[in-house]
Trainee: 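First the structure, which I've put down as structure tokens, then a few questions once you've had a look.
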There are 2 protein chains.
Amino acid sequence: MDQSIRRRAHPVRPMEHACAPAAAAHEGTFADEWINSRRPGVRRLSFAKARDVVISGSHNRCIYFNHDGWLARYKILHKGSRQILDFVLPGQVFGLPACLFPRAPYSIITITEASVSAIPFDMTDNVFDRDPALAKTLFWSTVQEAAILGEHLTGTGRRSAYERVSHLLLELFVRLNTSHRSGEMTLSIPLTQELIADALGLTAVHVNRTLRALRQDKLIKVDGRSITIVDFEALSRLSDFEKSYLGQAGRFQPRATEPAALGESAARAMEPWGA
Amino acid sequence: MDQSIRRRAHPVRPMEHACAPAAAAHEGTFADEWINSRRPGVRRLSFAKARDVVISGSHNRCIYFNHDGWLARYKILHKGSRQILDFVLPGQVFGLPACLFPRAPYSIITITEASVSAIPFDMTDNVFDRDPALAKTLFWSTVQEAAILGEHLTGTGRRSAYERVSHLLLELFVRLNTSHRSGEMTLSIPLTQELIADALGLTAVHVNRTLRALRQDKLIKVDGRSITIVDFEALSRLSDFEKSYLGQAGRFQPRATEPAALGESAARAMEPWGA
DNA sequence: CGTGGACTTGACTTAACTCAAGATTAGTGG
DNA sequence: CCACTAATCTTGAGTTAAGTCAAGTCCACG
């Protein structure tokens with residue numbers, strides 16, 4: 001049966017996708033404290049939906065920590081088409097290349113409302129010596145980013161639309177850590193079909209048809225902006241999904257509002273360096 | 001011929017080298033000395049053409065420094081198709097993810113004969129403290145890799161075949177530093193049309209037709225394996241080429257056999273950290 | 001000097017795109 | 001809370017860029 005015409009039981013608002021209730025701006029989360037303890041001068045910022053945080057071609061003096069929103073790294077070509085390189089999920093660091101290169105190689109836009117910490121960053125003041133923990137985190141996040149980009153490149157280069165959409169859903173599923181909640185195979189994502197299309201190098205129209213096909217093949221269910229993975233195994237097989245490229249965690253911190261989890265996850269993020 | 005069979009023909013010779021006894025060539029170049037002075041235990045290895053140096057899914061205990069060959073990072077999908085993520089040029093470091101992840105996210109194969117240095121690498125022994133220079137180099141090379149992957153992703157996702165081929169040629173031109181030699185717009189590349197196709201997410205047949213079109217449009221000239229850029233400006237414009245994503249150098253070291261150049265370039269590679 | 005790899009080209013197919021028009025849904029102000 | 005508007009989603013019909021299949025040619029090299 002066609003899931004798309006089912007009425008949604010619960011209206012979904014953007015912030016609810018974002019893994020955390022919107023914290024009051026001044027009410028510092030644990031992540032704030034952690035960051036502040038190492039880097040004075042950190043500012044907390046709130047962005048509305050669809051705001052550019054980093055603009056391609058410009059130079060930045062901050063890197064950012066995303067607390068609770070979704071963002072997208074993207075490029076625009078002269079013909080006007082957009083390629084989304086990757087989505088930035090809660091707990092991820094972003095904006096590093098805009099600091100390292102004289103001109104940021106891509107823009108970063110908010111997909112939902114987002115509150116982020118802007119962390120002053122200057123490579124010339126020898127971060128590697130002064131703050132090795134930060135350096136390691138940045139290193140690790142860059143390594144992860146490269147792995148994800150490689151996987152996305154493989155997708156746009158060699159996978160069919162059907163495979164690409166499947167792969168993206170599985171990737172998001174794993175990165176959102178939903179796996180914990182055992183049987184729960186439903187993910188709530190704030191992505192429009194157009195965003196999905198731009199991430200996969202397809203058109204929105206074709207993503208629509210592809211989702212329909214996946215529904216009809218009983219591999220997924222769609223209910224508004226929430227998607228249920230019906231047959232994880234089949235999707236993995238058909239799309240060559242192998243989650244190891246996502247690393248242990250896939251992100252730096254699972255919940256902005258769960259101090260314990262942060263500590264745990266930060267430790268895990270550092271693990272490769274024996275921290 | 002059936003493609004899946006042809007693809008399977010990629011020689012896969014598990015290396016007995018993995019940080020094992022040095023194979024050959026004791027005449028160390030300057031690069032050797034430089035690397036050795038910081039990392040004892042470095043071994044010089046020689047690879048024939050079409051040998052896998054890193055195999056997807058395996059774990060490594062070495063990173064590699066490429067002295068003089070060309071290599072390609074690639075993935076194979078279950079249908080047998082191959083996506084080349086990027087080419088490794090002389091002077092580049094590679095193989096880091098195979099050390100950091102339990103399973104290497106991609107394979108790396110030699111395109112030409114190549115002599116490389118295998119550098120024992122263990123994240124758990126706190127490289128960041130013990131050898132900050134190496135850490136910085138690895139960081140920088142990863143940042144560069146991510147930028148290049150992002151550009152390639154944009155290509156396969158949103159550019160036409162015509163644009164992709166143009167863009168690749170310009171990228172290689174810039175990365176090979178040929179720009180120095182003023183008017184000289186000819187580059188000699190060891191790539192078959194099949195390799196180009198696999199890097200761009202196209203078929204070899206279509207790359208062939210595309211090159212013909214570029215020739216007919218008087219944008220390039222092709223003479224065997226050497227290609228001349230006839231109209232750099234036009235190619236840049238049509239393919240949205242903007243070289244800044246390649247960073248200053250694009251690589252760590254221009255020539256393994258040019259000590260002076262190495263020092264110069266290594267310094268430039270470190271520059272972002274004020275080294 | 002012949003054999004396999006790389007390159008060419010033609011004829012045909014197809015996955016994905018484009019255009020277009022409705023149907024739903026979400027967001028806004030009154 | 002409703003009405004209005006703008007996104008977003010959906011589907012059909014026709015187009016096209018790129019793929020597939022096939023049959024050569026041109027070599028480099030053992």
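All chains are named by letter (A, B, ...) in the order of the sequence lines, taking the proteins before the strands, and each is independently numbered beginning at 1. Quick caveat, the model's predicted, so the values are computed rather than measured.
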Trainee: With sequence neighbours excluded, what pairs up with B:Glu113 under the salt bridge (charged side-chain N to carboxylate O under 4.0 Å, His left out) test?
Mentor: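 Salt bridge (charged side-chain N to carboxylate O under 4.0 Å, His left out) list for B:Glu113, sorted by chain: empty.
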Trainee: Could you name each residue pair satisfying salt bridge (Lys or Arg N to Asp or Glu O under 4.0 Å) that touches residues 196-210 of chain A, not counting sequence neighbours?
Mentor: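 Those involving residues 196-210 of chain A are A:Arg82-A:Asp198, A:Asp198-B:Arg158.
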Trainee: Spell out protein contact along nucleotides 14-23 of chain C as letters: B when the base is contacted, S when just the sugar-phosphate is, - when no protein heavy atom is under 4.0 Å; keep the 5' to 3' order.
Mentor: --BSBB----
Trainee: Give each protein N/O atom lying under 3.5 Å from an N/O atom of nucleotides 23-28 of chain D, with the pair distance.
Mentor:
none

Trainee: Please name all residues satisfying salt bridge (charged side-chain N to carboxylate O under 4.0 Å, His left out) with A:Glu145, sequence neighbours left out, ordered by chain then number.
Mentor: A:Arg73
Trainee: How would you list all residue pairs meeting ring pair (Phe, Tyr, Trp, His ring centres under 6.0 Å) that involve residues 198-225 of chain B, not counting sequence neighbours?
Mentor: none
Trainee: Between side-chain atoms of residues 227-241 of chain A and protein atoms elsewhere (two or more places apart, or another chain), which donor-acceptor pairs fall under 3.5 Å?
Mentor:
| unit_1 | atom_1 | unit_2 | atom_2 | d |
| --- | --- | --- | --- | --- |
| A:Thr228 | OG1 | A:Thr186 | OG1 | 2.9 |
| A:Asp231 | OD1 | A:Glu233 | N | 3.4 |
| A:Asp231 | OD1 | A:Ala234 | N | 3.0 |
| A:Ser236 | OG | A:Phe232 | O | 3.0 |
| A:Ser239 | OG | A:Leu235 | O | 2.8 |
| A:Asp240 | OD1 | B:His78 | N | 3.3 |
| A:Asp240 | OD1 | B:His78 | ND1 | 3.4 |
| A:Asp240 | OD2 | B:His78 | N | 3.0 |
| A:Asp240 | OD2 | B:His78 | ND1 | 2.4 |

Trainee: Can you sort out the partners of A:Ser56 under side-chain contact (heavy atoms from CB on, under 4.5 Å), two or more places apart, ordered by chain and number?
Mentor: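 Expected list: A:Ser107.
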Trainee: Please identify each residue that fulfils salt bridge (charged side-chain N to carboxylate O under 4.0 Å, His left out) with A:Glu194, with sequence neighbours left out.
Mentor: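 A:Glu194 satisfies salt bridge (charged side-chain N to carboxylate O under 4.0 Å, His left out) with no residue once adjacent residues are dropped.
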Trainee: Just to verify, what does B:Phe94 make a ring pair (Phe, Tyr, Trp, His ring centres under 6.0 Å) with, not counting sequence neighbours?
Mentor: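 With neighbours one apart ignored, the set is B:Tyr64.
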Trainee: Sequence neighbours left out, what pairs pass salt bridge (Lys or Arg N to Asp or Glu O under 4.0 Å) with at least one residue falling in residues 159-172 of chain B?
Mentor: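 Non-adjacent pairs meeting salt bridge (Lys or Arg N to Asp or Glu O under 4.0 Å): A:Lys79-B:Glu163, B:Glu151-B:Arg159, B:Glu171-B:Arg175.
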Trainee: To the nearest 10°, give me the bend of the helix from C:dC1-D:dG30 to C:dG30-D:dC1, comparing the axes of its five terminal pairs at either end.
Mentor: 60°
